[in-house]
Amino acid sequence: MFRARILVAVAEQMDSGLSEVGMLDGAASWAGERTTSERLSMRREGSAAGQVAERLGQSPEEQIRAVQRRLVDWYRREARDLPWRRTRDPYRILVSEVMLQQTQVERVIPYYEVFLARFPTVEALASAALAEVIAVWGGLGYNRRAVYLWRAAREIVERWGGRFPGERRLLERLPGVGRYTAGAVACFAFGERVAFWDTNIARVLRRVFLGPEARPGRRELDELAERVLPLDRAYEWNQALMELGARICSARRPRCEICPLCGLCRSVGTEGESRRRGGRFEGSRRYYRGRIVAVLRQHPRGVPLDELGRLVRADYGCQARDWLRGVLEGLARDGLVELAEERGEYVARLPGSEATER
DNA sequence: AATACGGGGTT
DNA sequence: AACCCAGTATT
């Protein structure tokens, strides 16, 4: 019931003013119109969408409309109560979206709360020392995101007077904000009707509208996402696609038996996708970058190079010095580490730490 | 187009 | 141990 209240509040904010599912049926705005000749040509050419329609006994636009209705209806009943769904504050939305890049929802939540408690506004983040931002970022991973987020906050404050631009094109210029995140902020914070896709949305759109064998490229996904985007209620539609991808239409084991799109999907009953091979993590350069940042978080004044080497790997010796230098220079290029010479020895620290002020 | 970039829960 | 994840920037 609490969840329902949240959703109603959000729906009202979205100015949807639409509480009866029945109203969706008559909403001509739910799918782009397609002329009869276009429709016939699709069938003649046996296009993918046309074939789906044949199999499902529906025209493509009927499938789109039915999916829109069914999915948003499901989302309104089943949406998880996630912290970033309770706000339209662009700063909070941005923080959530950046944290969610390549990181699961459940893992983000506690970091999100802590981060916003410490940096509640874009001004607070912009005026903080980068070292502290990296420290509060903690073990979330992809530490460059913390640097990008801090730089983005400074840009918002300095260039935009603390007010976020609402357009995707402008948002996308911010550091660490790519096509997906810019679209998400424009839609989730500003209510813009924007089509975008991430791994979840791409998988859902591909399975539902194209089929299990389809391997659409970026361009094709852009066009598909745009074509199926409702003329209004973009917020709920996009959230719903991700919700379905995360909870039902998962990569490995899709749960078609409980999917709200039963009967509307081109890939019903599909096998999960095969596993891809990934490189070893432990012992990798990436692994040691993480170790180094973790150690430096605990040492605000910085750590001499050789000591740092011993702290991050047991087999460190002077022969590994060049290796360590290389890794640190990479971190320095990314803005995650500062290298300084003090009393004849090199010291590494997080950028903007207190010690640099001396 | 390919690659680097973290870390932890799940299988 | 391998795999996956609300991507982005760089080469």
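Chain naming here is simple, since letters A, B, ... match the order of the sequence lines and numbering starts at 1 in each.
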Test item: side-chain donor near acceptor, A:Trp197 and A:Asp222, under 3.5 Å: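 Side chains of A:Trp197 and A:Asp222: pair found under 3.5 Å.
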Specify the separation, in whole Å, of atom [atom1] of [X] and atom [atom2] of [N].
X	N	atom1	atom2	answer
A:Trp137	B:dC5	CH2	C1'	13 Å
A:Ile292	B:dA4	CD1	P	17 Å
A:Arg179	C:dG7	CZ	C1'	13 Å
A:Arg333	C:dT11	CZ	P	8 Å
A:Arg151	C:dA9	CZ	C1'	11 Å
A:Leu100	C:dG7	CG	P	8 Å
A:Asp334	B:dA4	CG	P	13 Å

Per the salt bridge (charged side-chain N to carboxylate O under 4.0 Å, His left out) rule, what does the pair list look like for residues 286-298 of chain A, sequence neighbours excluded? A:Arg289-A:Asp334
Extract from the structure each pairing of a protein N or O with an N or O of nucleotides 1-3 of chain B at less than 3.5 Å, listing the distance.
none

Sequence-distant partners of A:Tyr111, ring-ring contact (aromatic ring centres under 6.0 Å, His included), two or more places apart: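 Here no residue qualifies.
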Restricting to pairs with a member in residues 303-347 of chain A, which pass ring pair (Phe, Tyr, Trp, His ring centres under 6.0 Å), not counting sequence neighbours? A:Tyr288-A:Trp323
Are there more than 12 heavy atoms of other residues, nucleotides or ligands under 6.0 Å from atom CZ of A:Arg215? yes
Nucleotides 6-11 of chain B: protein proximity per nucleotide (B base, S sugar-phosphate only, - neither; heavy atom, under 4.0 Å): BBB---
Exercise answer: donor-acceptor pairs, residues 170-181 of chain A side-chain atoms, under 3.5 Å, sequence neighbours excluded:
residue: A:Tyr180; atom: OH; partner: A:Glu97; partner atom: OE1; Å: 2.7
residue: A:Thr181; atom: OG1; partner: A:Gln101; partner atom: NE2; Å: 3.0

So, A:Trp150 side chain and A:Ala128 main chain: donor-acceptor pair closer than 3.5 Å or not?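 Checked: pair present.
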